[in-house]
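To keep things clear, I will list the structure first and then write my remarks on it.
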Amino acid sequence: MKDIINKTLESYNFKGKYLDIDAINKLDIYFKSAKLRIDLIKFINEQAILIIKETSAELFEEYVELLRPGGNAYTTRRYAACIRDLDYYLRYATYSMLAGDPSILDERVLNGLKETYNSLGVPIAPTIGALNIMKQIIQKQVSQEAQNIVNLPFDHMINSLS
Ligand code: CYC
């Protein structure tokens with residue numbers, strides 16, 4: 001799991017260089033956004049259950065067939081797995097928002113996920129749909145500045161599954 005600080009230091013250490021102005025500027029922006037990131041993830045943590053509820057409601061409204069016999073979220077076990085997956089996405093997204101880096105998502109969520117989903121018949125398009133819905137639900141409730149922070153993990157997960 002990496003954040004923007006250790007990723008930058010690792011790269012400059014590897015080159016054996018002092019941090020240059022690019023690195024300093026990047027870290028300066030990151031440190032200045034610290035309070036915003038903390039407030040944002042605090043807000044998301046408090047709203048997590050509602051965000052997941054709303055995401056699943058919109059997802060199953062858009063893809064009703066998932067809940068019908070033959071659908072991937074049909075049966076309580078699969079429905080619960082789907083809600084659990086939504087919770088994973090949201091929780092790891094908050095870690096990544098705090099870190100300012102998406103590598104946490106690669107390591108903990110995305111590596112091998114597409115293959116697992118394909119082998120279990122979990123449809124990718126509605127999963128991407130759910131990530132977009134979740135992103136928008138959060139975007140609607142936060143400032144413009146916070147929206148940029150929210151974009152990073154969701155766009156990263158969406159791109160990785162696409
Ligand atoms: C299953 N989701 C799974 C499985 C994994 C994950 C590994 C297979 C094992 C299991 O059932 O638990 C995902 N596991 C993760 C992730 C992490 C992890 C992300 C990182 C922390 O440890 N079905 C739908 C919807 C979608 C869905 C579109 C919800 C968005 O129709 C999800 N995932 C879904 C379902 C299953 C699943 C239904 C069970 C599939 C089955 O067993 O038939």
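A quick note: this is a predicted structure, and the numbers were derived from the prediction, not measured. Position 1 is the first residue of the sequence, and the numbers go up from there. Indexing begins at 1, ligand by ligand and atom by atom, following the structure's order.
No continuous path of hydrophobic side-chain contacts links L152 to I41 [ILVMFWY only; heavy atoms under 4.5 Å]. Neither I4 nor I38 shares a network with the other; the hydrophobic side chains, linked directly or stepwise wherever heavy atoms of I, L, V, M, F, W or Y lie under 4.5 Å apart, form separate groups for each.
Distances between N or O atoms of N72 and those of ligand 1 include at least one value under 3.5 Å. In terms of N/O distances under 3.5 Å, ligand 1 is approached by R77.
Ligand 1 lies less than 4.0 angstrom from a heavy atom belonging to Y117.
In this structure, the protein non-hydrogen atom closest to atom 33 (N) of ligand 1 is D85 OD2, 2.7 Å. For atom 7 (C) of ligand 1, the closest non-hydrogen atom on the protein side is T116 CG2, 3.9 Å. Ranking the protein heavy atoms by distance from atom 8 (C) of ligand 1 puts L120 CD1, 3.3 Å first. Among all non-hydrogen protein atoms, the one lying nearest atom 18 (C) of ligand 1 is Y88 CE1, 3.5 Å. Nearest protein heavy-atom contact of atom 20 (C) of ligand 1 is R108 O, 3.2 Å.
Around atom 12 (O) of ligand 1, the closest heavy atom drawn from R84, E65, R78 belongs to R84. The option with the heavy atom closest to atom 26 (C) of ligand 1, from among A81, G129, C82, P123, is C82.
Annotation for ligand 1: atoms under 4.0 Å from non-hydrogen atoms of L86 are 30 (C). With ligand atoms numbered from 1 in the order given, ligand 1 contributes 28 (C), 31 (O) to contacts under 4.0 Å with heavy atoms of L66. Less than 4.0 angstrom separates some heavy atom of Y92 from each of these atoms of ligand 1: 21 (C). In the vicinity of P126, heavy-atom distances shorter than 4.0 Å reach the ligand 1 atoms 28 (C).
Using a cut-off of 4.0 Å between Lys/Arg side-chain N and Asp/Glu carboxylate O, K32 and D28 are scored as salt-bridged.
Side-chain atoms of I124 and N118, non-hydrogen and from C-beta on, do get closer than 4.5 Å to each other. Two residues are said to be in side-chain contact when any heavy atoms from C-beta on lie closer than 4.5 Å; F154 and M97 meet this criterion. L110 places none of its side-chain heavy atoms less than 4.5 Å from the side chain of P102. When side chains are defined from C-beta on, L161 counts as touching L131, because their heavy atoms get closer than 4.5 Å.
For Y63, no heavy-atom contact with ligand 1 is shorter than 4.0 Å. At a heavy-atom cutoff of 4.0 Å, ligand 1 is contacted by the side chain of L113 but not by its backbone.
Note: I128 CD1 to M157 CE = 11.5 Å, rounded to the nearest 0.5 Å.
Taking the ring axis of Y12 as reference, the NZ or CZ atom of K15 stays within 45° of it and closer than 6.0 Å to the ring centre.
No hydrogens or angles considered: a donor-acceptor pair under 3.5 Å links the side chains of R91 and Y95.
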